[in-house]
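Input: a single structure, listed below in structure tokens.
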There are 2 protein chains.
Amino acid sequence: MTRSSFADVDCGVAQAVEQLGDKWTVVILRSAFHGIRRFDEFSEHLGIAAKVLADRLAKLVDAGILYKQKVEDDGRAVEYKLTQKGLDTYPMIIFLNDWAERWLGNSKGPRIEVVERKTGRPIRPVHVLAENGKVLSAYDTFMRNGPSGSEVLNRSQRIVARRRGNDLR
Amino acid sequence: MTRSSFADVDCGVAQAVEQLGDKWTVVILRSAFHGIRRFDEFSEHLGIAAKVLADRLAKLVDAGILYKQKVEDDGRAVEYKLTQKGLDTYPMIIFLNDWAERWLGNSKGPRIEVVERKTGRPIRPVHVLAENGKVLSAYDTFMRNGPSGSEVLNRSQRIVARRRGNDLR
DNA sequence: CTATTTTACTTTCTTTAAGAAAGTTACATG
DNA sequence: CATGTAACTTTCTTAAAGAAAGTAAAATAG
């Protein structure tokens, strides 16, 4: 991708995408959740070009998603670990895995099972839930401006209204 | 991004990223959830180069995430709409919005509120949940091979074991 | 019924980033 | 003290992004 910064776009999704919306970034995070920490480990696990890996790790550190920690008893080594902000991307990783198994999976069942450590039981699929816990589809919700408003939402509403046919379908 | 196909990588996240892991793709989906449907609407809403938009829409249609529908009473117009596979990406969009508000937001509160259509009440944040509905962090879970196994998971486990220090922290 | 607009792209050209391979630096190990 | 290792950086080529202009078919205006 070439110079398309969403950093100033007045929309949460755009801003999140600015920090997370790159193929390598997402698989780097996945590897981090698998316990991968070091430059050469990411390199081996992902088969990524060193230049690109260095670039992405630096961006993730800049964004506060990973932090860099010197390894006690080896003056050369550093480890890249997930910050709280990084750990908080876990639902996205789990969701992508769920979605892929549902829509791109083979018939032999899931490749990976994510289980609760304490009980060894599978977790729930990641869903959008109502206040009362019921699963919601996109049709069951709508978006409105919150306290700080979104010009992006306003503009989409104007565009859609111009054409009419305001449902998603 | 240049020629890095994850299509053959034996990992759900990688395969999902192959179809969804591009900045423009994600904001196109967001706009679709806002009701945007036509080429020029996406173009206006996103400020994306026409070439790139045409490319991404074609890929989304190929992937079965959008479908193309001729408009009844205008022989020129087509509309791009979300398939079920596309509608199923909704948790990702909501998650990205949540995550951005938490980690990149201003102090004035959220830009957008997503509410249940039926009740007008806000939805829950997107989380990873245990079977019993409790919110789980990455630390509370682990991943193991499922019925069809993942070489990617095996390799990461081997890499991590070689170094030891098997926790995420 | 001809001229202008509109819709949905496509083409061309330049700039930027990805990818492969080799090189570098500081520290560690035999 | 020579070799190895960890974490990059440099160099070079190729592919994709972005800007701008162009095109074809259908619709609308006068």
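Note that the structure is a prediction, hence the values are computed from the model and not measured. Order of the sequence lines sets the chain letters (A, B, ...), proteins ahead of strands, with each chain counted from 1.
With values rounded to the nearest 0.5 angstrom, A/Lys23 atom NZ is found 6.5 Å from B/Ser5 atom OG.
Between the CZ atom of B/Phe42 and the P atom of C/dC9 there is a distance of 11 Å, given to the nearest Å. Summarising the geometry, the separation between CZ on B/Arg38 and P on C/dA8 is reported as 6 Å, rounded to the nearest angstrom. In this structure, NZ of A/Lys23 is placed 12 Å from C1' of C/dA18, rounded to the nearest angstrom. A straight line from CD of A/Glu72 to P of C/dC27 spans 17 Å, rounded to a whole angstrom. As rounded to whole Å, 9 Å separates atom P of D/dA16 from atom CG of B/Asp55. Between B/Leu57 atom CG and C/dC9 atom P there is a gap of 7 Å when expressed in whole angstrom units. Distance B/Ile48 CD1 to D/dA20 C1': 16 Å, rounded to the nearest Å. The CZ atom of A/Arg37 sits 17 Å away from the C1' atom of D/dA7 (whole-angstrom rounding).
Aromatic ring centroids of A/Phe6 and B/Trp24 lie under 6.0 Å apart.
Between A/Tyr80 and the phosphate of D/dA6, there is no side-chain N or O to OP1/OP2 separation shorter than 4.0 Å. Remark: B/Trp24 is in phosphate contact with D/dG18, judged by side-chain N or O atoms under 4.0 Å from OP1 or OP2. Contact between the side-chain N/O atoms of A/Arg56 and the OP1/OP2 oxygens of C/dA18 is found at a separation under 4.0 Å. For A/Lys51, no side-chain nitrogen or oxygen approaches OP1 or OP2 of D/dA7 to under 4.0 Å.
Rounded to 10°, the angle separating the first-five-pair axis and the last-five-pair axis of the helix from C/dC1-D/dG30 to C/dG30-D/dC1 equals 10°.
Not one N or O on the side chain of B/Glu18 forms a donor-acceptor pair closer than 3.5 Å with the backbone of B/Gln15.
Residue-environment remark: CD (A/Glu72) stays at or below the threshold of 12 foreign heavy atoms within 6.0 Å. Counted within 6.0 Å of CZ on A/Arg158, heavy atoms from surrounding residues, nucleotides or ligands total more than 12; the atom is thus considered enclosed.
Comparing D/dC8, D/dA17, C/dA8 by their nearest atom to the side chain of B/Phe39 picks out C/dA8. Checking C/dT7, C/dG19, D/dA17 against every side-chain atom of B/Ala77, the shortest atom distance belongs to C/dT7. Considering only side-chain atoms of A/Ala50, the nucleotide from C/dC9, C/dT7, D/dC8 that sits closest is D/dC8. In the set D/dC8, C/dG19, D/dG18, D/dG18 carries the atom at the smallest distance from any side-chain atom of B/Ala49.
A side-chain hydrogen bond (donor to acceptor under 3.5 Å, both in side chains) with A/Thr119 is found for exactly one of A/Arg117, A/Glu116, A/Arg121, namely A/Glu116.
Across all strands, B/Lys70 comes closer than 4.0 Å to no nucleic acid atom at all (heavy-atom distances).
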Checklist line | Trace of the side chain to side chain contact (heavy atoms under 4.5 Å, CB included) decision for B/Leu53 with B/Leu57 | finding: CA-CA 6 Å; B/Leu53 178 57; B/Leu57 289 173; 3.7 Å; yes
Note to self: For a ring-ring contact (aromatic ring centres under 6.0 Å, His included) check, start with the C-alpha distance between B/Tyr90 and A/Trp99, then their side-chain angles and the critical distance, and finish with the verdict.
What the structure shows: CA-CA 11 Å; B/Tyr90 199 49; A/Trp99 185 86; over 10 Å; no
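Residues A/Leu96 and B/Met92 are in side-chain contact: their nearest non-hydrogen atoms beyond the backbone lie under 4.5 Å apart.
For A/Asp40, there are no salt bridge (Lys or Arg N to Asp or Glu O under 4.0 Å) partners, not counting sequence neighbours.
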Restricting both atoms to N or O, compile the protein contacts to nucleotides 27-30 of chain D shorter than 3.5 Å, with distance only.
residue: D/dA27; atom: OP1; partner: B/Gly75; partner atom: N; Å: 2.6

